[in-house]
Amino acid sequence: MSKEWTCGQLRASDAGRKVTLKGWVNSRRDHGGVIFLDVRDRWGVTQTVFSPDHEDAFRVADTVRDEWVVAVRGTVRRRPAGTENPRMATGEIEVTASGIEVLAPSAVPPFEVSGGPEPEESVRLRYRYLDLRRRRMLHNIELRHRVVKYIRDYLSEREFLEVETPILVNSTPEGARDYLVPSRTSPGEFYALPQSPQQLKQLLMVAGIEKYFQIARCFRDEDLRADRQPEFTQLDLEMSFVSQEDVLELTEDLFTGLTEELTGKRVLAKPFPRITYEDSMNRYGNDKPDLRFGMEIADVSEVAATCGFKVFSDTIANGGTVRGLAAPGAASFTRRQIDELTSTAQEFGAKGLVWIAVESPQDSETGYRSPVARFFEREELDSIAHALGARQGDLMLLVADRKPVVLDVLGRLRNHLGALLELADPGVVAYAFIVQPPLFEWNEEEGRWDATHHPFTAPLPGEEELLRTDPGSVRAEAYDLVANGYELGSGSIRIHRREVQAEVFRLMNYSDEEIEQRFGHLLRAFQYGAPPHGGIAPGIDRLVMLLADEPNIREVIPFPKNQAGEDLMLGAPAPVDERQLRELHIQLLPAAKERTASARPQ
RNA sequence: GGAACCGUGGUGUAGUGGCCUAACAUACGUCCCUGUCAAGGACGAGAUCGCGGGUUCGAAUCCCGUCGGUUCCGCCA
């Protein structure tokens, strides 16, 4: 069986052609003496017409229902004048049917595939194969294909090799929780699914591949979010003999090209802004700023220190900070809206939220409106407004606390307001690189330094000396690619000097045994001539989600898992029978045994 | 691990203490209809309101618990 024609290709110029269309019945309209069947396939929808002239076909068409699979034989003709449908690509023509074959009837679907209300997501997931018939899902699958193909073509042209790395690897205790796979042949031992091909791609650099990429599936056993799935796909890439700038430029060119060529979206700025981690935290309150709008955070501690408002001056006196931002046009917010903002800020961790509406700065009497206005001199308010870049009609919002709390709250508030005030142009992708993050963060519980990125990330050139004196101030030669408030991926230049690597491990408080056990294979490899190398690993799912304007990552994954990590269609995860467990040398704990007893497979 | 919101015919919603013997749209079934494309018209079937307990003369509606779903925090590069 083959398909000569698709349901999206026939045009007026095909009039007179005898064709057979195969596909699903998208909609059936029965007028008694004439029946229309819209036949749908991946490529489109074509209207077919049945009249009693062909009695056999007409009788069959009478029994056919939505979502049945049919083959319709007939002749293409221009639609009668006045009945063309400009909303359909094939709307100029129709196929007058002389025959129809039902290839497969369909049970009544649990929800309407074309048109109808949006079903609840659990229903969509349970019947994902029907959900995927919908145009929105097809569009996302197609876009995803084109994105991946663009990446493959782009990198192949630049002499990158796509190399597959194993899915069954070993567990790396730091970072995310691993998915484990018990070994049958090595009792008591486990494989882990890769959180990313990080170490393997570095080994490929030692192997002399020089330019590697992979569309790699990664696994992390952590709790899910709208933009997180337990298994996800990364563009993993690594290059030898490169500087950070080489990696960033390649990434920039690739992402600009695919955004502009595959979507109608505009890239806000190229080259992508390079913002230091510290800058990003200070100006946007997080390390993945949405740059589609401004509304930057500003420091007003200087004014706050000497003002008459005790909450502010005390905070400064106690080593805290006072910062804020100006919400454009929000001076007109009602009391109720401002109260909501305050409680939102409190949910984010603020003790309170001070608001000052900028009414008319020219008027010295009533320039500002605020419950705390009386505690401030006019010049102080002017100076705050100046620092925040506030203009008439804006609402200034100030938070006083310890610096990390203030920045976190204002960062979240900024995103909240960005959405509330619709500040972001949905037609824009604002890519940026966040660079020079700290190499380490102090682990309070364990009393040691943790690698912020991973232990092979190189310190910023010139800061190696600080490893000995002030590890917390060492910055990494690492970078995050962000877009529209999402972290799309991160990467770094890797350490290739043994003494630097040893110093890093020392700071992380690893014993020689631990180093050998966890990283022995990599360090051994590095003894045999490791080239300087670095790379990046952007997430494909998040990228496609962004480009497709989808609110969550599941919309661009054909068979995603729900928040509990379950596949509602397959029913995974599921209990396995006792024999399988025995082969794997696994025994369930009593609680697990009890839980699965009722759901044992046959 | 925690918080918030949601759960009413197949699907999506309304109803938030008595007017509910549960409404509307769509899907579904039967019939009518020769130009629709969200076809139209008539008729019909379909929900003990996620489940359990409680408050009340009376519960879809209030309370408690539980299950399921989503979002967020913790967690996660």
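Here is how names work: the chains are called A, B, and so on, in the same order as the sequence lines, proteins then strands, and each is numbered from 1.
The same atom, C1', is picked in rU36(B) and in rC43(B); the two are 23 Å apart, to the nearest Å. One C1' atom belongs to rA47(B), the other to rC28(B), and the distance between them is 15 Å to the nearest Å. rC63(B) and rU16(B) have their P atoms separated by 15 Å, given to the nearest Å. Nucleotides rA23(B) and rA14(B) place their C1' atoms 7 Å apart, quoted to the nearest Å. Spacing between rU8(B) and rU71(B) at atom C1', rounded to whole Å, works out to 23 Å. For the P atom pair drawn from rG17(B) and rA59(B), the interatomic distance equals 14 Å after rounding to whole Å. rG2(B) and rA45(B) have their P atoms separated by 47 Å, with the value rounded to a whole Å. Here, rA25(B) and rA42(B) have their P atoms 11 Å apart, quoted to the whole Å.
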Expected string for nucleotides 26-35 of chain B under the B/S/- scheme (protein heavy atoms, under 4.0 Å, primed atoms plus P, OP1, OP2 as sugar-phosphate) is BSSSS--BBB

Reading 5' to 3' through nucleotides 65-77 of chain B, protein heavy-atom contacts under 4.0 Å coded B for base, S for sugar-phosphate only, - for none = ----SBBBBBBBB

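The pairing partner recorded for rG17(B) is none, the criterion being a Watson-Crick or G-U wobble arrangement whose two distances lie under 3.5 angstrom. Pair check for rA47(B) finds none; no Watson-Crick or G-U wobble contact set falls under 3.5 Å. The nucleotide rU55(B) finds no pairing partner, because no Watson-Crick or G-U wobble arrangement with both distances shorter than 3.5 Å includes it. Pairing partner, rG40(B): rC32(B), with both Watson-Crick or wobble hydrogen-bond distances short of 3.5 Å. Of all nucleotides present, only rG12(B) satisfies the Watson-Crick or G-U wobble test against rC24(B), with each distance under 3.5 Å. For rC5(B), the paired nucleotide is rG69(B), the pair qualifying as Watson-Crick or G-U wobble because both relevant distances are below 3.5 Å. In this structure, rA60(B) forms no base pair with any nucleotide, since neither Watson-Crick nor G-U wobble geometry is met with both distances under 3.5 Å.
Partners of R126(A) according to the salt bridge (Lys or Arg N to Asp or Glu O under 4.0 Å) rule, which considers only residues two or more places apart in sequence or in another chain, do not exist here. Every residue was checked against the salt bridge (Lys or Arg N to Asp or Glu O under 4.0 Å) condition with R79(A), not counting sequence neighbours, and none meets it. Scanning for salt bridge (Lys or Arg N to Asp or Glu O under 4.0 Å) contacts around E441(A) gives an empty result, with sequence neighbours left out. For Y479(A), there are no ring-ring contact (aromatic ring centres under 6.0 Å, His included) partners, not counting sequence neighbours. In terms of the salt bridge (Lys or Arg N to Asp or Glu O under 4.0 Å) criterion, K403(A) has no residue partners (sequence neighbours excluded).
One finds a salt bridge joining K561(A) and E231(A) here, because a Lys/Arg side-chain nitrogen approaches an Asp/Glu carboxylate oxygen to under 4.0 Å. Ion pairing between a basic and an acidic side chain is recognised when a charged N comes within 4.0 Å of a carboxylate O; D62(A) and R28(A) show such pairing. A salt bridge links D450(A) with R448(A); the closest basic N to acidic carboxylate O contact falls under 4.0 Å.
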Solution key, residues 483-491 of chain A side-chain donor-acceptor pairs under 3.5 Å, sequence neighbours excluded:
| from | atom 1 | to | atom 2 | distance (Å) |
| --- | --- | --- | --- | --- |
| N484(A) | OD1 | A430(A) | N | 2.7 |
| N484(A) | ND2 | V428(A) | O | 3.1 |

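Residue pairs meeting the ring-ring contact (aromatic ring centres under 6.0 Å, His included) criterion with at least one member in residues 23-45 of chain A, sequence neighbours excluded: H31(A)-F36(A).
Per the geometry, CZ belonging to R87(A) stands 12 Å off P belonging to rU36(B), to the nearest Å.
For rC37(B), its base never sits under 3.5 Å from the side chain of D38(A) at any donor and acceptor pair.
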